[in-house]
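A short worksheet on the structure shown next.
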Amino acid sequence: MVEREMGGSTDNCNHSGDTEPPKSPEDESSERPEAQCTQDLKSVLITSVLNLEKLDVDLYRGTHHWVPRSQRLFGGQIVGQALVAAAASVSDNLYAHSLHCYFVRAGDPKVPVLYQVDRTRDGRSFTVRSVRAIQHGQPILICQASFHMLQPSPLQHQFTMPVVPQPEDLLTVEELIHRYLSKPDLAKKSRQGLNKLLANEVPIEIKPVHPPHFYRLSAVELRKLFWVRARGYIGEGNMKLHCCVAAYVSDYAFLGTALLPHPNYRAQFSASLDHAMWFHNTFRSDEWMLYECESPWAGGSRGLVQGRLWRRDGVLAASCSQEGVLRVKPVTEPSKL
Ligand SMILES: CC(C)(COP(=O)([O-])OP(=O)([O-])OC[C@H]1O[C@@H](n2cnc3c(N)ncnc32)[C@H](O)[C@@H]1OP(=O)([O-])[O-])[C@@H](O)C(=O)NCCC(=O)NCCSC(=O)C[C@@](C)(O)CC(=O)[O-]
């Protein structure tokens, strides 16, 4: 794993003077002592997706785990792997604080991705890396990531975390799908679609806060709220990996938020054009975090979405923004879920 190049566990994400997130009772019970943690309990995001092979100085190769039905590489995977490659040449006392990417070509799931890193600048407080994700000799993603040393400040503020049910009181996507599948009058097409969803090996767990809304059965509001965490165990201490996992997670079901105000339309073609993230505080991506997504604008076959990842204790962990191409067509028959 690239991390070995960093000399073991590294903290390459922002620590704005914050201590490790306090554990909630659920997290305490779900915490597996390192000694009991076997390979199969470890998150596949760590053992596979974000485990890049080093080919040469500043040149890495990534493989794929889960590919969306569109059969183009999942944007979150490419961003997460690019951040792993970028961080590999950044010293331990610097933490990822932001990244900005453009998706310039569809990723091909049939071949690996090469990550070519340029050491753009090593300043006194900030270090910047540029990464090109390459397939068939051409870039599919261009990414700039910036790392900052700890520089605490009295100037601190944040929005307030939304008040929602706790994850223990909600159902996972899989549990919701099984509930829908138990309906005898479920349309055949819906049943097939739900079984396909169940077959997905998405390496993250999701608990929608408003399930009917999450599945766009009604245009309730412009926001999508769901609890999210990496499947499996990652453990304390390595903020670099947690930021890379958060980059992976942040692109899942994100662009779809722009469709929420338009229940009479569905995407005929959608793809992320760019993706930006800002890391504010330490967090654990293998523990439940609330993802609050909203769409301030859509038009011209594009949609803009913004997201905030919240720790359970109300601290804002990260912010995300993304614009995507959205080519839609009217929904002919309403979903019979
Ligand atoms: C954005 C483009 C496509 C612009 O590419 P372009 O050539 O400037 O513009 P274009 O409009 O001519 O698009 C060309 C391609 O888009 C597709 N396309 C176009 N219109 C339609 C349509 N109506 N129905 C079906 N497919 C359509 C189609 O594949 C076509 O390729 P062709 O088949 O002609 O060789 C290019 O720059 C690109 O592919 N960039 C990479 C985008 C990307 O892969 N992003 C990351 C993956 S998407 C993701 O992970 C998030 C998401 C969206 O999957 C999550 C979610 O679903 O919520």
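Heavy-atom basis, side chains included; hydrogens, waters and symmetry copies ignored. Atoms within a ligand are numbered from 1 in the order they appear, just like the ligands themselves.
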Carefully, step by step, assess Lys207 and Glu175 under the rule salt bridge (charged side-chain N to carboxylate O under 4.0 Å, His left out).
CA-CA 9 Å; Lys207 291 192 171 186; Glu175 288 163 337; 5.3 Å; no
Under 3.5 Å: N or O atoms of ligand 1 paired with protein N or O:
from     : atom 1 : to     : atom 2 : distance (Å)
ligand 1 : 11 (O) : Arg327 : NH1    : 2.8
ligand 1 : 11 (O) : Arg327 : NH2    : 2.7
ligand 1 : 20 (N) : Arg327 : NH1    : 2.8
ligand 1 : 37 (O) : Val104 : O      : 3.4
ligand 1 : 39 (O) : Arg72  : NH1    : 3.1
ligand 1 : 40 (N) : Phe103 : O      : 3.4
ligand 1 : 44 (O) : Arg72  : NH1    : 2.9
ligand 1 : 45 (N) : Ser272 : O      : 3.0
ligand 1 : 50 (O) : Gly75  : N      : 2.8
ligand 1 : 50 (O) : Asp251 : OD2    : 3.4

Look up atom CZ in Phe254 and atom OG in Ser321, then write down how far apart they are to the nearest 0.5 Å.
6.0 Å
Residues passing the side chain to side chain contact (heavy atoms under 4.5 Å, CB included) test with Ile134, sequence neighbours excluded, are Leu114, Gln116, Arg132
Residues 197-206, side-chain donor-acceptor partners within the protein, below 3.5 Å, at least two apart:
from   : atom 1 : to     : atom 2 : distance (Å)
Asn200 : OD1    : Trp66  : NE1    : 3.4
Glu205 : OE1    : Arg229 : NE     : 2.7
Glu205 : OE1    : Arg229 : NH2    : 3.3

Using a 4.5 Å cut-off between side-chain heavy atoms of Ile, Leu, Val, Met, Phe, Trp and Tyr, which other residues end up in the same hydrophobic cluster as Trp297?
Leu304
With distance as the sole criterion, is a donor-acceptor pair present between the side chains of Gln135 and Arg105 under 3.5 Å?
no
